[in-house]
Amino acid sequence: MRVCVLTRVVNFCALCYHTIMIDDIFSSSISYIDTVLCDGETPANISAAAHILKQGGLVAFPTETVYGLGADALNADAAAKIYAAKGRPSDNPLIVHIADVEDVYKLATNVPEQATLLMEAFWPGPLTMILPKRELVPDGTTGGLKTVAIRMPSHPIALSLIRESGVFIAAPSANTSGRPSPTTAEHVYEDMQGRIEMILDGGAVGIGIESTIVDLTGSIPTILRPGFITKAMLENIVGEVAIDKALIEPDPNLRPKAPGMKYTHYAPKGKLSIVETSDVVASINSLISDYTGKGYRVAVLASAEHADEYQCDNILTLGQANKGETIAAHLYGALRECDARSIDYIFSESFYQTDLGGAIMNRLLKAAGQRVIRDE
Ligand code: AMP
Ligand code: MG
């Protein structure tokens with residue numbers, strides 16, 4: 001089959017379009033792949049992406065949380081390509097994306113009542129459920145675990161891609177392992193150019209941090225990763241919900257249930273510290289002056305309330321401190337911007353104030369390697 005794709009050429013300044021043939025994408029190379037960046041809302045591009053997935057290739061696509069790097073979840077060779085493209089450790093399992101609730105039962109067994117209730121309440125949406133896997137899900141997709149992570153995203157491009165390809169899509173975030181997750185197609189291009197066949201551009205994502213992960217293999221649903229769907233929202237549907245120990249007390253000796261939790265994540269190249277002193281603005285200004293005085297490039301991740309009070313060339317405002325959704329949406333972009341500006345030291349305010357504070361601070365603390373500056 002020859003499928004035409006209208007693409008935006010991989011130059012973000014010049015919006016030029018050209019037509020390529022899907023066969024050319026595959027013939028381009030084995031080690032270096034000519035990555036096609038194209039408009040994800042164009043049906044022909046979704047068809048081309050679906051074709052790539054069916055052939056065992058890699059496509060990055062927008063979801064409502066962050067951009068995903070997708071491959072056929074039931075094809076172990078395709079899933080292996082995700083690990084290679086990201087440089088991801090092979091014991092860090094992938095989330096399988098589906099477009100119809102019934103598909104859960106094709107991938108998982110012993111689906112408890114609580115899972116059914118949560119699917120009804122939050123799917124399609126930013127909730128991933130861990131369930132016992134069926135035989136057909138390859139170990140290569142689950143990092144050798146006997147459980148599988150499943151989510152139904154709500155982004156229309158993601159749903160169309162899953163439906164049109166007819167495959168379940170294994171997709172972690174579409175960043176190089178360890179880097180901040182991508183919230184725009186440009187971020188994906190930065191990391192994945194030359195490594196994957198196609199990127200569907202759907203603009204900036206809505207939520208900006210990864211899905212909430214809930215383990216449903218025990219008697220009490222347990223949060224393994226906080227996200228947009230909060231503990232209170234889950235409890236509203238299923239009663240008692242626990243938080244995994246590794247989230248409460250990060251301990252290197254504790255084997256986390258979500259293997260991904262043990263790896264460095266979301267980290268910018270510069271050294272990030274979170275400042276939680278009694279006078280945050282004064283402390284950060286003093287740190288800025290110390291470090292710029294030593295010749296380093298310094299940035300601040302600021303709330304809108306305090307942004308004007310910093311004496312710094314690189315102030316990245318995440319949003320009003322009481323608007324968790326705005327802060328979440330800007331967080332990863334700001335960390336990447338620090339890299340783009342070759343920042344050496346980053347100082348961030350804390351953002352605990354909202355319902356999303358737990359999820360935001362989970363990402364920020366990981367990005368900071370848990371470094372927090374407090375009063376002495
Ligand atoms: P990401 O790579 O950002 O998509 O993150 C996927 C997360 O889901 C990682 O932290 C994984 O460890 C976690 N995960 C995926 N599958 C499982 C599973 N079967 N059990 C526990 N955690 C999982
Ligand atoms: Mg990730």
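Owing to the predicted nature of the structure, the values given are computational and were not obtained by experimental measurement. The figures here come from the full heavy-atom set of this structure, side chains too, leaving out hydrogens, waters and symmetry mates.
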Going only through I, L, V, M, F, W and Y residues with side-chain contacts under 4.5 Å, is there a path from Ile274 to Tyr291?
-> no

Verify the cluster assignment for Val101 and Val96: are they in a single hydrophobic cluster under the rule of side-chain heavy atoms below 4.5 Å apart?
-> yes

Atom pair CZ (Arg225) and CD1 (Ile209), whose distance is rounded to the nearest 0.5 Å | 9.0 Å

Are the side chains of Met192 and Leu58 in touch, meaning some heavy atoms are under 4.5 Å apart?
-> no

If you group Ile, Leu, Val, Met, Phe, Trp and Tyr by side-chain heavy-atom gaps below 4.5 Å, do Met152 and Met233 land in one group?
-> yes

Is there a donor-acceptor pair closer than 3.5 Å between any side-chain N or O of Gln114 and the backbone N or O of Val238?
-> no

Give the ring-plane orientation class for Phe61 versus His97, where under 30° counts as parallel, over 60° as perpendicular and anything between as tilted.
-> perpendicular

Quick one: do Tyr352 and Ile373 end up in the same hydrophobic cluster if we chain Ile, Leu, Val, Met, Phe, Trp and Tyr together by side-chain heavy atoms under 4.5 Å apart?
-> no

If you take all heavy atoms of Glu349 and Ala302, which pair is closest and at what distance?
-> OE2-CA, 3.6 Å

Do the side chain of Lys81 and the main chain of Gly56 share a donor and acceptor less than 3.5 angstrom apart?
-> yes

Within a strict 4.5 Å, meaning less than it, do heavy atoms of the Met198 and Cys38 side chains meet?
-> yes

Aromatic ring pairing Tyr345/Tyr296, orientation class (parallel under 30°, perpendicular over 60°, tilted between) | perpendicular

Got a salt bridge between Asp139 and Lys133, using NZ or NE/NH1/NH2 to carboxylate O under 4.0 Å?
-> yes

Ion pair present between Arg341 and Asp313, side-chain N to carboxylate O less than 4.0 angstrom?
-> no

Residue pair Tyr67 / Gly203: nearest heavy atoms and the distance that separates them = OH-O, 2.7 Å

So Arg195 and Thr35, side-chain contact (heavy atoms from CB on, under 4.5 Å) or not? Walk me through it.
-> CA-CA 7 Å; Arg195 302 179 185 202; Thr35 303; 5.9 Å; no

Side-chain contact, heavy-atom cut-off 4.5 Å: Pro112 with Leu131?
-> yes

Using a strict 4.0 Å threshold on nitrogen-to-oxygen distance, state whether Glu210 and Arg151 make a salt bridge.
-> no

Please name the pair of heavy atoms, one in Pro153 and one in Ile98, separated by the smallest distance, quoted to 0.1 Å.
-> CD-O, 3.4 Å

Under 3.5 Å donor-acceptor, Ser165 side chain and Val167 backbone | yes

State, yes or no, whether a side-chain contact exists between Val148 and Thr141 at a heavy-atom distance under 4.5 Å.
-> no

Report the distance from atom CD of Glu337 to atom CD1 of Ile346, rounding to the nearest 0.5 Å.
-> 11.0 Å

Answer whether the closest heavy-atom distance between the side chains of Tyr310 and Ile284 falls below 4.5 Å.
-> yes

Check Val137 against Leu74 and note the closest heavy-atom contact, atom names and distance.
-> CA-CD2, 4.0 Å

Are any of the side-chain nitrogens in Asp344 or Lys269 under 4.0 Å away from the carboxylate oxygens of its partner?
-> no

Would you indicate whether the side-chain heavy atoms of Tyr83 and Leu94 approach each other to under 4.5 Å?
-> yes

pair Leu53-Asp72: side-chain heavy atoms closer than 4.5 Å | no

Closest approach of Val66 to Pro182 (non-hydrogen atoms, all atoms of both residues) | CB-O, 3.4 Å

Under the 3.5 angstrom rule, does the side chain of Ser154 hit a backbone N or O of Gly125 as a donor-acceptor pair?
-> no

Does the side-chain contact (heavy atoms from CB on, under 4.5 Å) test come out yes or no for Ile130 and Ile213, once each step is laid out?
-> CA-CA 7 Å; Ile130 308 294; Ile213 302 182; 3.7 Å; yes

Measure the CZ-OG distance between Phe347 and Ser286 for me, rounded to the nearest 0.5 Å.
-> 9.0 Å

Are any side-chain N or O atoms of Asp201 and backbone N or O atoms of Ala185, one a donor and one an acceptor, separated by less than 3.5 Å?
-> no

Closest heavy-atom contact between Leu301 and Leu335?
-> CD1-CD2, 3.9 Å

Spacing of OG1 belonging to Thr176 relative to CZ belonging to Arg88, to within rounding of 0.5 Å | 12.0 Å

In the single-linkage hydrophobic clustering (I, L, V, M, F, W, Y; side-chain heavy atoms under 4.5 Å), do Tyr189 and Leu69 co-cluster?
-> yes

Chi angles and distances behind the side-chain contact (heavy atoms from CB on, under 4.5 Å) call for Glu325, Leu356 | CA-CA 7 Å; Glu325 292 181 24; Leu356 291 186; 3.8 Å; yes

CG of Asp100 to CH2 of Trp123: how many Å apart, nearest 0.5 Å?
-> 11.0 Å

Between Thr128 and Ser211: side-chain donor-acceptor atoms closer than 3.5 Å | yes

Do Arg134 side-chain atoms and Tyr105 backbone N/O form a donor-acceptor pair below 3.5 Å?
-> yes

Ion pair check, Asp339 and Arg336, cut-off under 4.0 Å = no

Hey, does Pro180 have a side-chain heavy atom less than 4.5 Å from the side chain of Asn175?
-> no

Please confirm whether the backbone N or O of Asn285 pairs with a side-chain atom of Ser289, one donor and one acceptor, at under 3.5 Å?
-> no

How many angstroms lie between OG1 in Thr277 and CD in Glu376, if you round to the nearest 0.5 Å?
-> 10.5 Å

side-chain contact (heavy atoms from CB on, under 4.5 Å) assessment of Lys271 paired with Arg371 | CA-CA 9 Å; Lys271 191 167 178 181; Arg371 241 182 327 272; 3.4 Å; yes

